[in-house]
Each structure stands twice: as C-alpha cells, then as structure tokens.
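Please read through the structure below; I'll follow up with questions.
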Protein chains: 2
Amino acid sequence: MSVSETTDPGLLALAQDFREALRHSIYLVRRLDADGELSAAQLSTLKMLMDAGTSREGDGGSSAAGVRVGEIARNLGVRVPSATEQIIKLERAGLARREPDPEDSRAVRVRLTEAGVAAVASANERRNAVMAGVLSSLSDDERAALAAALPVIGRINATVQA
Amino acid sequence: MSVSETTDPGLLALAQDFREALRHSIYLVRRLDADGELSAAQLSTLKMLMDAGTSREGDGGSSAAGVRVGEIARNLGVRVPSATEQIIKLERAGLARREPDPEDSRAVRVRLTEAGVAAVASANERRNAVMAGVLSSLSDDERAALAAALPVIGRINATVQA
DNA sequence: GCCTAACTGTTAGGCTACCTAACTATGAGT
DNA sequence: ACTCATAGTTAGGTAGCCTAACAGTTAGGC
C-alpha cells in the first residue's frame, strides 16, 4: 500500500461519491426500461445498428453492411453468447436480421429491419420523454452542471470499454 | 400531447444524453461489481445497514435498532421478496442478522454483524480504489465538472425514488 | 497442397437477481 | 370480536449473464 498510486484522498472521495450516484442511478435506468417492449440490452443493440446504418437497400449496402456479433458484444460489454441471445430475440421480433458476411464466411452481419428502425425510434422517444419528465424539476444551474458532466462521464466510459 | 410539459427540445436532448451516459455506465458498474465477493444489491444493503448503525451493543440499540425489510426494499428499488432473498444470503454469509422488532411483531429488524462491518469496509475500499484508478486519467477540470454534477444526479435519484 | 492454429458464432447448461401470487402472522379500527 | 390493512416469507417463473464445448472458416508453416 506504500507505493499505491490511487490513494489521493480527494480522488477516492470523488470515486466514492460517483459510485454512490451510479448505484442509485441503476434504479432510475430500471424504471426507464420497465417500459416493457425492449430490454436495455436490446435497445442498445438496436441503437448501435441504427448508428451503423439501416437495412435499407437504398444504401446499396456499401459501407453500412451491418455489425458483427463480436462487435455488438464488445459494445454491450457482454460475452459473445449473450449478444447472440439478444440478437436472436430481436430477429424473432422482426427487428433485426442476420446475414452472412460476404468477406468472411465465419462472420455474421446484423442489420436493422424497417420495423427495427421504427421500434428504436419509438422506444427512444418514450424513454426520453420519461427522463425529461424527471429532469424537468431541476433548476437551470443544475441542468447546466449535469450537461457539463456528461461528456466527462462519456470519457470515463470510453476508458473502461477500451 | 398538446399540453405536454416535457417537449422542451433542450430538455429532451439532455435527457437523451443522460440516458446514453447512464446506459454505458452500467458496464462500468458491472466491472466494479465483478470483484466477486458481494453483489451490487448486497453491498448496497450492507451500506444501508452501516449508515443506520452497526450491531455493536455499545450503542445500546437505542436509535439504531436496524432497518426493516420493507425499507431496504424501497431503498434498493426492488420488491420486498427480492430484498428478503438478499438479506437471507447476507445472513447465511454471517454479515447480517435478522431480529424481531420489539415494537411491531410483524416487522423484522436487519442489522450488520461485526463481520458485516468489516466486509462492507473492505469491499468499499476495493471498489473505490478501482474507480479512483479509472478517474485518475481525468483532468482537474473534468473532475470538477463531475463533482459538480454528482449532487444533481443525487437529487434526480431521490426524485425517482420518492 | 495440406495441416495445424487462430478466430467467429452457436448451442448447452447453469447461476443470480428480479418479478407476481399466495400465504402466515400481527396490528388497528369499528 | 371481526374485519381490513400491513410486514414478511415462500413458491414458482422469467430474463440476462456466464463458461464450456462445438462447428465452420481463415491463415500460416512446411
């Protein structure tokens, strides 16, 4: 413990407070996810597919050829079998589609269907509205403080994922 | 939808960003919890018991007579049976104890044992150190922004819980 | 050219945390 | 006392995650 580099008391206090905040936020997230239709992991997956490009043929399948299962797993922070499980559910719900990767026959490309595009849009809207309701009781200063911290939290999360 | 009070575009954007940040943070929390010994819910419970007073007889059991199961459930954001389940596990691990409430025979008072006190301290220290390691790469400005937002997030969580 | 090693996903089996419904026991009001 | 509400436990089920074992594909060494 003598050479520890993480014993800065201020940093530890911040760590503790941040942990506490995240811990409670889990229940907030749970409430948002209780919307029913889509689980958190499923919505995250759909959102990722959305960012990677829709399944519309208008794109010609050029660069947006879908996302690989392994990449989805990494992005979700889960193992590959867990990602497969969610993807299968999305497929059964008609929201996503699996296709062979033309460049690597081992791989699978996952894409959104049109129903998936609609589903992610509606689920997002609904949850954003709920969250906005929660945030509506904040003062302007509080909102500003929150907004200022979000990029920082984003950076933290990126650090962890890498 | 005409009288909706949650259609302020800025608020919705903040809501979306906050949701995104929380979504990714789940994986950070998961990593912290992967420490093994205690699940998130179990550690939260222990921490709550800690705040309510230890089981030490030196306190005379005056005001810190333990926490009721229903209160634990509410604080954890879960239903009572789920709380019971976790409490039983803690009890089996020797970290907590259940005692009848002298004032209400229906109720149960849950307290930390001395082993529980030690366990929560060590688990907290470990996780704080990990989190501090993650936070150590932040700049001073970033830390300040994060610190400023934590009370706000706390208020949000309190709102939701109420 | 083949043969091994590495890689991508899926399948199988198991664990944990959560839920609802049904039950027991106690307290409180009329 | 009798009824109704409250506190917690028990029973049974679901969803998401995990590891281990597997099948198919690619890539590299010889």
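Protein chains get the first letters and strands the later ones, always in sequence-line order, with residue 1 at the start of each.
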Report task. Among C/dG9, D/dT9, D/dG16, find the nucleotide with the atom closest to the side chain of B/Val69. Result ->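 The nucleotide sitting nearest to the side chain is D/dT9.
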Report summary line: Here the distance between atom P of C/dC19 and atom OH of A/Tyr27, to the nearest Å, is 10 Å
**Report entry** Which atom of A/Arg143 lies closest to which atom of A/Ser136, heavy atoms considered
**Finding:**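 The answer is NH2-O, 3.3 Å.
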Query raised in the report: Roughly how far, to the nearest 0.5 Å, is the CG atom of B/Leu146 from the CG atom of A/Asp17?
Result: 9.0 Å
Query raised in the report: Whole Å only: how far is the CZ atom of A/Arg79 from the P atom of C/dT8?
Result: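 Interatomic distance, CZ of A/Arg79 to P of C/dT8: 14 Å.
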Report task. Rounded to the nearest 0.5 Å, what's the gap from CD on A/Glu20 to CD1 on B/Ile153? Could you check? Result ->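 Interatomic distance, A/Glu20 CD to B/Ile153 CD1, rounded to 0.5 Å: 12.0 Å.
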Query - Sugar-phosphate only, base, or nothing, as touched by B/Val80 at under 4.0 Å among non-hydrogen atoms - result: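 Base: the residue B/Val80, judged by heavy atoms under 4.0 Å, touches a nucleobase.
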Query - Among C/dT11, D/dG8, D/dC18, the nucleotide that comes nearest once only the side chain of B/Arg68 is considered - result: D/dG8
Report task. For D/dA7, give its Watson-Crick or G-U wobble partner with both distances under 3.5 Å, or none. Result -> C/dT24
Query - First encountered from the 5' end of DNA chain C, between B/Gln42 and A/Val67 - result: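 It is A/Val67, whose closest nucleotide lies nearer the 5' terminus.
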Query raised in the report: Rounded to whole angstrom units, what separation is found between the CD atom of A/Glu71 and the P atom of C/dT8?
Result: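 Those two atoms, CD and P, are 11 Å apart.
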Side chains of residues 77-90 of chain B: which donor-acceptor partners sit under 3.5 Å, not counting sequence neighbours?
from    : atom 1 : to      : atom 2 : distance (Å)
B/Thr84 : OG1    : B/Val80 : O      : 3.2
B/Gln86 : OE1    : B/Gln42 : NE2    : 3.0

Report task. Nearest 0.5 Å please: distance from the CZ atom of B/Arg97 over to the CD atom of B/Glu114. Result ->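 Between atom CZ of B/Arg97 and atom CD of B/Glu114 there are 8.5 Å.
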Between the protein and nucleotides 24-26 of chain C, which nitrogen or oxygen pairs come in under 3.5 angstrom?
none

**Report entry** Side chains of B/Arg23 and A/Asn157, donor plus acceptor under 3.5 Å
**Finding:**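 There is no such pair (donor and acceptor under 3.5 Å, judged by atom type) between the side chains of B/Arg23 and A/Asn157.
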Report task. In whole angstrom, give the distance that lies between atom CG of A/Leu76 and atom P of C/dG9. Result ->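 These atoms are roughly 13 Å apart.
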Report task. Whole angstrom is fine here: how far is it from CD in A/Glu103 over to C1' in D/dT25? Result ->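 Those two atoms, CD and C1', are 15 Å apart.
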Requested in this report: Classify the nucleic acid contact of B/Arg109 as base, sugar-phosphate or nothing, counting any heavy atom under 4.0 Å across all strands shown.
Outcome: nothing
Report task. Hey, which sits more toward the 5' end of DNA chain D by its nearest nucleotide, B/Ala107 or A/Ser82? Result -> B/Ala107
Requested in this report: Return the minimal non-hydrogen interatomic distance between A/Met48 and A/Ile72, and the atom names on each side.
Outcome: SD-CA, 3.8 Å
Query raised in the report: Which heavy-atom pair separates A/Pro151 from A/Ala147 by the least distance, and what is that distance?
Result: CD-O, 3.2 Å
Query raised in the report: Between A/Ser39 and D/dA15, is there a side-chain N or O to OP1/OP2 distance below 4.0 Å?
Result: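 Result: no.
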Requested in this report: Could you please spell out the steps behind the salt bridge (charged side-chain N to carboxylate O under 4.0 Å, His left out) verdict for B/Asp33 and B/Arg127?
Outcome: CA-CA 8 Å; B/Asp33 291 344; B/Arg127 295 185 195 198; 2.7 Å; yes
Report task. Check each residue of residues 86-95 of chain B for a non-hydrogen atom within less than 4.0 Å of any atom in DNA chain C, then write out the ones that pass by number, or none. Result ->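 Residues of residues 86-95 of chain B that come under 4.0 Å of DNA chain C are, in numerical order, B/Gln86, B/Lys89.
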